Amino acid sequence: MAENETLPRRRRLLILAICCMSLLIVSLDVTALNVALPDLGRELDADVSGLQWTMDVYTVVLASFLLLSGSMADRLGRRLVFRIGLVVFTAGSLLCALAPGLEWLIVFRGMQAVGGSMLNPVAMSIITNTFTDRRELARAIGAWGGVVGISMAIGPIVGGALVHSFGWRAIFWLNLPIGLAALVLTTLFVPESRAPRPRRLDPVGQALVITLLGALTFGIIEGGKEGWSSPLLLAGVGVAALALVGLLRYEPRRREPLLELDFFRSVPFSGAFAIAIASFAALAGFLFLNTLYLQDQRGLSPWEAGLYLLPMAATTLVFSPLSGQLLGLVGERVPLVVAGIAITFSGAWLSGVGNATPLWVLFTGYVVFGIGFGLVNAPITHTAVTGMPKTQAGVAAGVASTGRQVGSALGIAVVGTALAAGSRTAGWWIICGCGALVLLLGAATTGARARRTAERLGRRD
């Protein structure tokens, strides 16, 4: 937008910092809460399925409304929607801290997610319209990806310390000062921007997206209790498949659909979307498995479990901004291929962990996984937002963020179901498979031929 092109560099950096605050509270909430799962389960009498829903209701609702939030931001104003998201997310965090039982906590986590859906894709849209130079945008996206590393680095430590000292509810209290500070700073310093031509609402498409993600997650979590061939699981997958068919048939007929299927004609964009699902499924499964393994099997406290996860988180912190630098030098392929190799190796390496596994074996797997996840996030975002028109930056960022959240939901659902069935090793091999998918897609969708395809489709700026 024209009003953002003239902003001085210091103002642009301040806007980037404000947007990163929103990513911090959303990501920190997930990583810190993972460490709290065993304590939360004991206090609220929750089994593995209940713990899965505590995490997955957030990601499912978030994924369901990301596209709507992105398009509404382009229509009504990005700063306006961003501020509303901060208010809803902060209020949801307050209610989670006060939740009297598991069912209420799940409901309030859903409220949190509605607010969160207005933060990350909208913030990325603000960043895209603030940084107009390609190299500067790549560095900004690298910093954005680095915040994921920061949240992972401090999340387990902060979460473990809070749970050890005050209980799991303190994790939600932590969101309040950060959310309120981001709200004030947004009001003072972030300029308003919107797409020149507003998009129409698509209630049918929105309902189909919610049905697709909700039915699939419900089927895996609840049906998985009875085995992979249970009627409940098959019914959930069947309903999800019908919703997907409905989306594929209905959305192309709309002039302004909720889900821009034309985006997926771009090979790099489709690859980035699939890589987002695979990599975040690996991350969610990794955190879920390790949290329960370290506390339930090795007998560590939440604080100690957080310290054990620090090698992985700190490595992610180092390699996330490095990935942004690599983008400007060599493009997306190198960091994505290396990320796929690292995640695959880590899953295979950790597949045999047990009570007596030496620490050097455990930490080696953690460090390698941190390298992989640190490298993967920035290329996903960069490919998604720079391969689409700026006027649809909110929708494009929403689609990319949806892939992340779908992956997180599926990772917890599938790995958690394998764990509930008594097969921790199967969970690690699922993570290994996700890494292999990142490797193959990263090599196949970021080459010169894929770029020429995207250019022919007119999606390059």
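If you're wondering where the values come from, they're calculated on a predicted model, not measured in any experiment. Any value given below was found using the heavy atoms of this structure, including those in side chains, with hydrogens, waters and symmetry copies removed.
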Participant: Sequence neighbours left out, what passes side-chain hydrogen bond (donor to acceptor under 3.5 Å, both in side chains) with Thr315? Give chain and number order.
Facilitator: none

Participant: Side chains of Phe218 and Trp53: does their closest heavy-atom pair fall under 4.5 Å?
Facilitator: yes

Participant: Please work out which of the three classes, parallel, tilted or perpendicular, describes the rings of Phe373 and Phe369, given edges at 30° and 60°.
Facilitator: parallel

Participant: Specify the closest pair of heavy atoms between Leu119 and Ser22, including all atoms of both residues, with the distance to one decimal.
Facilitator: CB-CB, 4.0 Å

Participant: Strictly distance-based, threshold 3.5 Å: is any side-chain N or O of Gln52 a donor or acceptor partner for the main-chain N or O of Val414?
Facilitator: no

Participant: Extract all donor-acceptor atom pairs below 3.5 Å that involve side chains of residues 91-105 and protein atoms in other chains or at least two apart in sequence.
Facilitator:
from: Ser93; atom 1: OG; to: Phe89; atom 2: O; distance (Å): 3.0
from: Ser93; atom 1: OG; to: Gln112; atom 2: NE2; distance (Å): 2.9
from: Ser93; atom 1: OG; to: Asn175; atom 2: ND2; distance (Å): 3.1

Participant: Has Arg333 got a side-chain atom pairing as donor or acceptor with Ala443's backbone, closer than 3.5 angstrom?
Facilitator: yes

Participant: State, to 0.1 Å, how close Arg169 and Leu44 come at their nearest heavy-atom pair, and which atoms those are.
Facilitator: NH2-CD2, 4.5 Å

Participant: Does the side chain of Phe286 come within less than 4.5 Å of Ile343's, by heavy atoms?
Facilitator: no

Participant: Considering the options Asn290, Ile371, Leu287, which one meets the side chain to side chain contact (heavy atoms under 4.5 Å, CB included) requirement together with Met312?
Facilitator: Leu287

Participant: Asp202 versus Glu251: any side-chain heavy-atom pair under 4.5 Å?
Facilitator: yes

Participant: Suppose we screen for side-chain contact (heavy atoms from CB on, under 4.5 Å). Which residues come up paired with Ser270, at least two apart in sequence or across chains?
Facilitator: Phe264

Participant: Is the shortest side-chain heavy-atom distance between Tyr58 and Val26 below 4.5 Å?
Facilitator: yes

Participant: Under the side chain to side chain contact (heavy atoms under 4.5 Å, CB included) rule, what do Arg83 and Val190 come out as? Steps first, then yes or no, please.
Facilitator: CA-CA 10 Å; Arg83 292 169 65 194; Val190 176; over 6 Å; no

Participant: Tell me, do Thr59 and Thr217 make a side-chain contact under 4.5 Å, heavy atoms counted?
Facilitator: no

Participant: Give me the atom names and distance for the closest heavy-atom approach of Gly159 to Ala32.
Facilitator: CA-CB, 3.9 Å

Participant: Taking the side chain as every heavy atom from C-beta outward, state whether Leu289 and Ile431 have any atom pair closer than 4.5 Å.
Facilitator: yes

